[in-house]
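First up is the structure itself, then whatever we jot down about it.
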Amino acid sequence: MPSDRFVVRIEDREVELSNLDKLMYPAAGFTKGEVIDYYTRIAPVMLPHLRDRAVTRIRYPNGVDGAHFFEKNKPGGTPGWVRLETLPVPGSTKSRETVEFVVVDELPTLVWLANLAALELHTPQWRIGADPDLLVVDLDPGAPAGLQECCAVAVLMRDRLAEDGIAAYPKTSGKKGMQLCCPISGSQDAATVSGYAKRVAEELAALVPGSITAKMAKQLRPGKIFIDWSQNNAAKTTVTPYSLRAGASPTASTPLTWEETEAMATGDAEARQFTAAEALDRADTHGDLLADLLQPGPVLPGVPETGGAGSRRVRHRSDS
């Protein structure tokens, strides 16, 4: 085995690590070893959000300044102990109709992916073989609007969803904007969830047309927050809570409290993304602010239940 490669034992698995000194975030001096360390330390709060969900990876083998690629299918050399699920992918332009997805149920798999420079992990709103148990909206700012304006829209949307008995939990995207995540029943299909999210987004856009849009056309977005209700489409994924994001510095998709979100919205606190180190500190302080997402939520109003089989037909494309 080359000197830059070695095997470590994690729980009851043997995981090969390599090139730990390679710079993944050159401007920040953040190495692959530090990426692995981050994912190892954040695992207690991150793994529950990955468990039983097919994961799409964005890999940066030569760091964030180099070429990157999306990966859904299992990579070559996948260890035999990694959980795989063969699932259909709707709308694929490739001849392959199914993909062997990796499922990250345990720490060794998470470390193995980190060693492959899978900096970003994206997951769908459903668990394997089930209908969506999450409703997610992406709040995407069009310059000159930014994260502060996203936070203001998040508060508005929280209050609107609460009218239907739906609890919303905020997190930063780790890039420009943020997401709201809502636990739902898991008894309605993706089209139903997406339709409900679209209806609420359009209500808010009609209420505050100067600040919010629910339309995807990019020419309509400058100075507004786009409420991307389409994240609930069966073919899409959203960046997983606590995942790193590719950029100049190692930021992470970080859960927020509503008090923080409100303070960012009013300018009483700086509206900003958080680094990997800050995400770790916050997890130590707060625990998992998104723990309630792991419990079943309410049935969405005004739409039928599907009996829990719908998502077996649907699989997916990654978010931005």
Side-chain angles (χ1 to χ4, degrees), residues 1-47 49-50 55-84 101-123 172-176 239-255 272-285 318 320:
M1 182 178 294
S3 60
D4 61 351
R5 295 176 177 268
F6 58 97
V7 173
V8 296
R9 191 163 189 85
I10 302 173
E11 297 173 351
D12 59 345
R13 311 296 192 190
E14 290 190 346
V15 183
E16 182 178 297
L17 305 181
S18 62
N19 300 313
L20 298 188
D21 293 333
K22 179 182 281 190
L23 287 174
M24 292 288 102
Y25 296 82
F30 200 82
T31 66
K32 187 163 75 161
E34 289 173 295
V35 168
I36 293 170
D37 177 69
Y38 169 76
Y39 276 123
T40 300
R41 293 167 62 194
I42 205 68
V45 291
M46 186 180 191
L47 280 173
H49 298 284
L50 288 163
V55 66
T56 295
R57 293 85 63 199
I58 309 182
R59 290 176 57 183
Y60 291 79
N62 294 304
V64 296
D65 294 340
H68 67 276
F69 59 95
F70 286 77
E71 186 175 63
K72 296 178 183 293
N73 206 40
K74 69 174 185 180
T78 297
W81 46 261
V82 170
R83 180 183 171 188
L84 302 173
F101 284 96
V102 171
V103 183
V104 184
D105 283 341
E106 57 183 12
L107 177 60
T109 306
L110 185 59
V111 171
W112 168 69
L113 288 179
N115 186 66
L116 294 179
L119 299 184
E120 296 194 13
L121 304 179
H122 296 247
T123 38
T172 68
S173 69
K175 286 197 168 180
K176 297 185 301 179
V239 62
T240 308
Y242 306 102
S243 172
L244 293 174
R245 302 306 301 269
S249 63
T251 55
S253 181
T254 306
R272 65 183 183 88
Q273 304 292 333
F274 293 88
T275 66
E278 290 173 318
L280 286 167
D281 288 342
R282 290 170 61 83
D284 287 341
T285 300
S318 188
S320 59

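Note that the coordinates shown come from a computational prediction; the quantities given were computed from them, not determined experimentally. Index from 1, following the sequence. Because only heavy atoms are used, hydrogens play no part in the values below, and waters and symmetry mates are left out as well, while side chains stay in.
Geometric assessment of Arg57 against the ring of Phe70 yields a negative cation-pi assignment under the 6.0 Å and 45° thresholds.
Contact check on Glu106 versus Arg13 returns a salt bridge, with a Lys/Arg side-chain nitrogen under 4.0 Å from an Asp/Glu carboxylate oxygen. Using a cutoff of 4.0 Å between basic side-chain nitrogens and carboxylate oxygens, Arg272 and Glu278 are scored as salt-bridged.
Counting heavy atoms from C-beta on, the side chains of Tyr242 and Val45 come closer than 4.5 Å. Side-chain contact between Leu47 and Leu110 is present, with heavy atoms from C-beta onward closer than 4.5 Å. Using a 4.5 Å cut-off on side-chain heavy atoms (C-beta onward), Leu107 and Glu11 make contact. Side-chain contact between Val111 and Val8: absent, with no pair of heavy atoms (C-beta onward) separated by less than 4.5 Å. Using a 4.5 Å cut-off on side-chain heavy atoms (C-beta onward), Trp112 and Pro75 make contact.
Annotation: Asp284, atom CG; neighbour count of heavy atoms from other residues, nucleotides and ligands within 6.0 Å is above 12. Within 6.0 Å of NZ in Lys22 there are more than 12 heavy atoms belonging to other residues, nucleotides or ligands.
Each of Arg245, His68, Arg59 was compared with Glu120 under the side chain to side chain donor-acceptor pair (under 3.5 Å) criterion, and only Arg245 meets it.
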For the pair Gln273 and Thr251, evaluate side chain to side chain donor-acceptor pair (under 3.5 Å) and give the outcome as yes or no after the intermediate values. CA-CA 7 Å; Gln273 304 292 333; Thr251 55; 5.9 Å; no
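Interatomic distance, OH of Tyr60 versus CE of Met24, reported as 11.5 Å (0.5 Å rounding). Note that the OH atom of Tyr38 and the OG1 atom of Thr275 stand 9.0 Å from one another [nearest 0.5 Å].
Residues Thr240 and Thr123 have side chains that bring a donor and an acceptor to within less than 3.5 angstrom of each other.
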